[in-house]
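The structure appears right after this line, and notes come after that.
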Amino acid sequence: MDTTGEKPDSRPTPESVPEGENDTLKYQLLGPSLTKAGQDSVDQQKVSEIIYNASKGSKFFNHEQDRDRNLTIKIERILKEKARLERLDLSHELRRADEYLAELEMSRDLSQHVIHVDCDAFFAAVEELDRPELKTVPMAVGKGVLTTCNYLARKFGVRSGMASFVAKKLCPQLVLLPQNYEKYTEKAKEIRAILAEYDPLFESASIDEAYLNITAYCDQNQLEPEEAVQRMRAEILEKTKVSVSAGIAANAKIAKIASNINKPKGQFKVPSEREAIMEFMRDLPVRKVNGVGRVFERELESIGVKKCGDIYSHRVFLTKLFGEKAFQFLAQCYLGLGRTKIEPVENHERKSVSTESTFHEIGDKEEFRAKLWWAAQELEKDLARTQFKGRTLALKVKLHTFEVLTRQTAPSRPVSLAKDLYSFALPMLTKLEKEIPGMKLRLLGLRCSNLVSTQKAGINFFGVVAQPKAAAGPTSEPTSAPASDVNADREICAEEAFETAARQELQDEMNDLEQLSQETPETSTSRKPGPSAVPEPVAEPPMWDCPICIRPQIADDRMFNEHVDFCLSRQTIRQVVQDTSDDTPTIPPSTKKRKHTSPSGVHEADPKQKRLFFQ
DNA sequence: GCGGATCAC
DNA sequence: TATGGTGATCCGC
């Protein structure tokens with residue numbers, strides 16, 4: 001490949017990368033939250049140098065380097081394509097683009113006051129409430145990777161998403177706290193209660209962010225939006241002791257951007273006038289817009305689009321270079337348009353349920369199976385909690401090189417139980433093992449999509465489910481059915497449909513057992529994990545092999561689960577011996593806890609509190 | 001529909 | 001020594 005090898009002097013030394021590549025890689029390594037508030041005074045050059053040196057040579061680093069190189073190649077292609085387009089007659093494209101812009105302009109709605117509320121360094125702030133002495137030191141929440149840090153830490157270049165050992169290099173005195181999600185959820189609840197006063201239909205965007213439409217509130221109280229938001233922020237601070245920042249604008253997209261401008265403890269309003277909005281967008285770096293990340297930023301920059309204002313002059317190329325959706329998205333950025341419809345997240349339809357976990361690198365097939373079984377159990381719990389089954393099941397693995405692979409399958413019926421998830425996922429895993437000899441993993445996960453609700457109440461003719469109603473207040477009545485004949489009929493039919501479905505499911509299960517026991521391609525052991533029973537009509541419960549010790553188990557589900565847990569716990573004992581050696585004292589003595597292993601598995605205890613904010 | 005990639009938090 | 005988990009969406013095939 002390297003034909004220039006004969007000219008040793010003109011080339012960089014092997015370990016030093018060409019200058020340009022080095023720069024983009026360093027930028028990449030700075031992480032995704034560069035745009036976050038609180039680092040204006042940071043010497044990014046120095047920070048990136050430290051991160052670079054801390055990371056250099058690691059597998060993570062190599063993977064980032066690969067990604068960076070691929071992106072550079074992709075950008076070269078984009079530039080070539082742009083050069084090609086420039087030689088063509090693009091009048092048709094241009095007209096199409098302008099027509100779309102005109103169409104968008106027609107839809108502009110400046111009548112609403114939308115605000116985005118964002119808690120300042122939320123997790124860190126909550127921790128500081130419990131331990132005020134932390135306010136005076138740089139501090140971060142999160143273990144392997146930081147989820148939040150306070151503003152003192154940000155002065156050192158410490159950021160969320162950063163590996164904690166890198167953060168320690170930047171700021172050796174950094175105090176690290178473990179996450180306490182319950183605590184944050186509690187606090188978020190308090191804040192939400194206040195938000196609801198201003199817009200009962202507010203939309204939670206995450207645990208610490210929300211959108212509100214305060215148009216009605218302002219009208220009713222004869223307040224300017226800014227006054228209302230001042231009042232709301234003061235009320236939140238007074239009652240919950242947490243400071244929030246806010247953005248006020250005609251739509252959600254701009255409000256989101258605006259909430260970052262005077263962060264922390266501030267607010268910013270973009271006037272609801274076309275001219276003011278266009279002006280605001282004109283000089284706004286595209287990276288500030290939600291949806292433009294590090295990759296798209298670099299791609300856009302390569303063709304000369306740095307600011308949203310630059311989008312207009314490049315409009316002819318955008319569809320061809322980045323696709324229709326990207327064009328439409330960018331057109332909206334240029335015009336400063338966004339949605340004005342704010343609604344409770346409960347109205348949103350969930351598309352998937354998933355679980356994954358990272359672990360110490362493993363290469364043993366039996367260990368893969370143990371991880372898969374663990375994931376299956378976790379997913380079963382999450383599916384039970386969210387009341388779904390999946391028509392599609394996906395396996396995700398991350399190799400020791402950080403490369404991510406996914407494989408998915410469509411089980412013959414919706415699945416939700418751990419043993420089913422395991423059985424259907426195992427063939428995908430064994431196939432991967434064949435494709436990649438000597439495979440080593442650092443992560444394994446499972447995801448169900450194509451969801452089917454298991455909530456009896458909502459089932460209608462088609463097995464489709466009515467979205468559970470938003471529990472807007474304490475007095476809401478989620479289960480009461482609207483009183484109409486039509487609905488009464490549907491209720492009865494739903495009942496029947498449910499029974500039929502249940503019978504069908506039983507039949508399906510039998511069929512699957514048969515199918516699986518015939519086709520499962522298996523490994524060294526002649527035994528098949530998963531069901532090994534003959535599909536006798538009814539009566540006989542299926543037999544299951546333990547995925548850990550591979551011994552056949554006679555199982556009702558409970559006995560099966562108990563046995564597997566036992567096997568896992570034996571494995572845990574071995575694991576713990578290794579684990580405890582790297583228990584670095586990153587946590588201050590007063591809160592230092594022994595790293596403990598969850599009773600049922602080889603994983604660290606990390607109770608999931610997914611999306612509790614929305615419940 | 002599948003698998004890779006990007007993005008947000 | 002060492003770089004997260006959950007959910008969504010888009011693109012190319």
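Per chain, numbering begins at 1; letters A, B, ... match sequence-line order.
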Quote, to the nearest angstrom, the P distance that separates dT3(C) from dA8(B). 23 Å
What is the distance from NZ of K398(A) to C1' of dA2(C), rounded to the nearest Å? 13 Å
Tell me whether the side-chain N/O atoms of R407(A) come closer than 4.0 Å to OP1 or OP2 in dC2(B). no
If a pair satisfies side-chain hydrogen bond (donor to acceptor under 3.5 Å, both in side chains) and one of its residues is in residues 170-180 of chain A, list it, with sequence neighbours excluded. none
Could you tell me how far apart N347(A) (CG) and dA8(C) (P) are, to the nearest whole angstrom? 15 Å
Phosphate contact (dC9(B) OP1 or OP2) by N290(A) side-chain N/O below 4.0 Å: yes
Which word best sums up how the rings of F327(A) and Y100(A) line up, parallel for under 30°, tilted for 30 to 60°, or perpendicular for over 60°? tilted
Tell me whether the side-chain N/O atoms of T358(A) come closer than 4.0 Å to OP1 or OP2 in dG5(C). yes
Would you classify L146(A) as touching base, sugar-phosphate or nothing, given that sugar-phosphate means primed atoms plus P, OP1 and OP2, and contacts are heavy atoms under 4.0 Å? nothing
Between C1' of dA8(B) and CZ of F296(A), the distance in whole Å: 16 Å
Do the side-chain N or O atoms of K256(A) get closer than 4.0 angstrom to the phosphate oxygens (OP1, OP2) of dC9(B)? yes
Rounded distance in Å - CG (N62(A)) to P (dA2(C)): 11 Å
So, is S352(A) near the phosphate of dG7(C), with a side-chain N or O under 4.0 Å from OP1 or OP2? no
Could you tell me whether the side chain of K351(A) and the main chain of L451(A) form a donor-acceptor pair under 3.5 Å? no
Hey, which sits more toward the 5' end of DNA chain C by its nearest nucleotide, G323(A) or S164(A)? S164(A)
First encountered from the 5' end of DNA chain B, between V292(A) and Q408(A): Q408(A)
Neighbour count >12 (heavy atoms, 6.0 Å) for atom NZ, K320(A): no
Could you state the atom-to-atom distance from NZ of K253(A) to C1' of dA8(B) in whole Å? 14 Å
Between the base of dT6(C) and the side chain of T355(A), is one N or O donor paired with an acceptor at under 3.5 angstrom? no
Any side-chain N or O of R442(A) under 4.0 Å from OP1/OP2 of dA2(C)? no
Using a cut-off of less than 4.0 Å, is there contact between a side-chain N or O of K351(A) and OP1 or OP2 of dT9(C)? yes
Below 4.0 angstrom, N of the basic side chain to O of the carboxylate: do R442(A) and E361(A) qualify? no
Between CG of L446(A) and P of dG3(B) the distance, given in whole Å, is 14 Å
Does S58(A) make a side-chain N or O approach to OP1 or OP2 of dA2(C) shorter than 4.0 Å? no
When all nucleic acid strands are considered with a 4.0 Å heavy-atom cut-off, which category describes S55(A): base, sugar-phosphate, or nothing? base
